[in-house]
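Quick note on labels: first sequence line is chain A, next is B, and so on, each numbered from 1.
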Protein chains: 2
Amino acid sequence: MTTHDNDAFKPIATVDLAIFSLTPAGLSVLLVRRTSAPFAGDWALPGGWIHIDEDADLEAAARRVLKEKTGVETPYLEQLQTTGNRDRDPRGWSISIVYIALLSADDVAERQDAMAEEAEWRPIEGEGVGLSLAFDHAALLKEALGRIRSKVEYSSLPGHLLPVRFTLSELQSVYESLLGRKLDKSAFRKRMAEADFLEPVEGEMRRASNRPAQVFRLKDTRSLVLFDRRI
Amino acid sequence: MTTHDNDAFKPIATVDLAIFSLTPAGLSVLLVRRTSAPFAGDWALPGGWIHIDEDADLEAAARRVLKEKTGVETPYLEQLQTTGNRDRDPRGWSISIVYIALLSADDVAERQDAMAEEAEWRPIEGEGVGLSLAFDHAALLKEALGRIRSKVEYSSLPGHLLPVRFTLSELQSVYESLLGRKLDKSAFRKRMAEADFLEPVEGEMRRASNRPAQVFRLKDTRSLVLFDRRI
DNA sequence: CGGCCTTAGTGTAAATATTCAACTAAGTTA
DNA sequence: TAACTTAGTTGAATATTTACACTAAGGCCG
């Protein structure tokens, strides 16, 4: 938390991040332990004040916080929502702009060293982490989970939890893990083809002690949406 | 724009509203003409600074602005997105939390007198109003339209543009108008039944020079979402 | 080398959903 | 009372989804 010379901006707005990744325990969120009041000692979503002298925009602020906590520079990032009221922080009126970030499993593995010491991955159980969180962060986390689970149904979002290159089966496993149910292989394949989220990596196959699988990558760094005529 | 005594909060965050209604020209947005710099004389989305002494939370701030401009107190309100950077306002870093509000045609008719003088309904053409707007408001309006058009496909949002009581045909017309295409009557009826957005108003029928139609109302003041298994 | 195991990827028949258009219903108007 | 208008229903043709079996292509092991 830096002090600002710029008199025009008393920091009152923070950027908070719900950073998700797939760990062996399933979908997990990164939490940090607060070191100062209020809520000292409690777990919280990583966040920080906006620095109007450093941050070009809100997304840049979110990237900076992410970099500080995890070392990752190019995550999937999506704005979730903004809350502001006088109750969420005992110090008074404050605004929090919440972002969702998705990290791939190898992002997490590679940067284990860069990760902030007081930070920890916590597996998701139901609508939260089974832990009381600082501020209104439990509610923010619940919203973030709702967004993620809803976007599984109609977007390429789950692909951002995998490394850049993956097979269809690996992707299907992520969808299944987020949805909490098994999917039909042939239907999944057809849906992905129609949705046009994926690009085969020419000539590259994943080989194991069985038939090799085509390797794919996402066509876009954003989460693409599948449009259907519903009405 | 009031001055704040509270030293802890130099206003830097505004709430801006994309207020929509159905006018004879179709979907329209409420614009106000700016009276002071920057962008004096330009059209803009209605908005205002957040008053931490008056506004319990961001949504309350949005309701206050709406009331000031239109006289309407209980609109449909939904948070769209938050932008913040140093370019959107020539005076420096600023944050805008944007809300979408939907007014019913009779809200608008009844409160014609309460409506701010410098405000005007502008019909939507394509992705905007064919008018250059102050700040980054043209981009914000475009985002708002994207959100609305996407939610037509899977939510009860269009119902909030109608008076509290309406017939299925009236509702279908709104969907058609927002989608820009005709829908099948029987498919629409079936979809609405499955979606469970609507509640028949017992015994109440809309009578004209033809067979009377059942009157419905929305089950909820929020926009309910239709969940389908897509994958 | 050749059979076996495993996972990749395809095919297909049955069940379900969508579409399109005609039909019946219930009022007002002349 | 017949014509007209919009509400609401029905059903056959068509398209899509689902469930599951089948074929493909490797490595492994005797």
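You'll find the side chain of A:Leu27 reaches within 4.5 Å of the side chain of A:Phe20, heavy atoms only.
One atom, CZ of A:Phe188, and another, P of D:dT16, lie 20 Å apart when rounded to the nearest Å. The nearest whole Å value for the distance from the CD atom in B:Glu204 to the C1' atom in D:dA7 is 16 Å. Atom-to-atom, CZ of B:Arg207 to P of D:dA7 comes out at 14 Å; the value is rounded to the nearest Å. Between B:Arg189 atom CZ and C:dA17 atom P the separation is 20 Å, expressed in whole Å. Regarding A:Leu183, its CG atom lies at a distance of 15 Å from the P atom of D:dC20, rounded to whole Å. As a whole-Å value, the separation of A:Glu170 CD from C:dT7 P is 13 Å. When rounded to the nearest whole Å, the span between CG of A:Leu226 and C1' of D:dT17 equals 14 Å. Atom CD of B:Gln172 and atom P of D:dT6 are 14 Å apart (whole Å).
A:Arg33 has no carboxylate O lying under 4.0 Å from a charged side-chain N of A:Glu118, or vice versa, which leaves the two without a salt bridge. A salt bridge links A:Arg122 with A:Glu120: at least one charged nitrogen is closer than 4.0 Å to a carboxylate oxygen.
No hydrogens or angles were tested; on distance alone, nothing pairs the side chain of B:Arg211 with the base of C:dA26 as donor and acceptor under 3.5 Å. At a cut-off of 3.5 angstrom, the base of C:dG9 holds no donor-acceptor pair with the side chain of A:Ser186.
No contact: A:Thr167 has no heavy atom under 4.0 Å from any strand. At a threshold of 4.0 angstrom between heavy atoms, the contacts of A:Arg206 with the nucleic acid are absent. Among the atoms of the strands shown, none is found under 4.0 Å from any heavy atom of A:Ala187.
Residue A:Lys190 has its side chain nearest to D:dT17 when only D:dT17, D:dA7, C:dT7 are considered. Here the nucleotide nearest the side chain of A:Lys185, chosen from D:dC28, C:dT10, D:dG8, is C:dT10.
Judged by distance alone, with hydrogens and angles left aside, the side-chain atoms of A:Arg111 form a donor-acceptor pair with the main-chain N or O of A:Gly71 at under 3.5 Å.
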- Take B:Leu198 and B:Arg217 through the side chain to side chain contact (heavy atoms under 4.5 Å, CB included) test and state the conclusion after the steps. CA-CA 6 Å; B:Leu198 307 180; B:Arg217 70 172 150 231; over 6 Å; no
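With the nearest nucleotide of DNA chain D identified for both A:Arg191 and A:Pro212, A:Arg191 has the one nearer the 5' end. Mapped onto DNA chain D by nearest heavy atom, A:Asp184 and A:Asn210 fall at different nucleotides, with A:Asp184 at the one closer to the 5' end.
For A:Ser169 and C:dT7, the shortest distance from a side-chain N or O to OP1 or OP2 is not below 4.0 Å.
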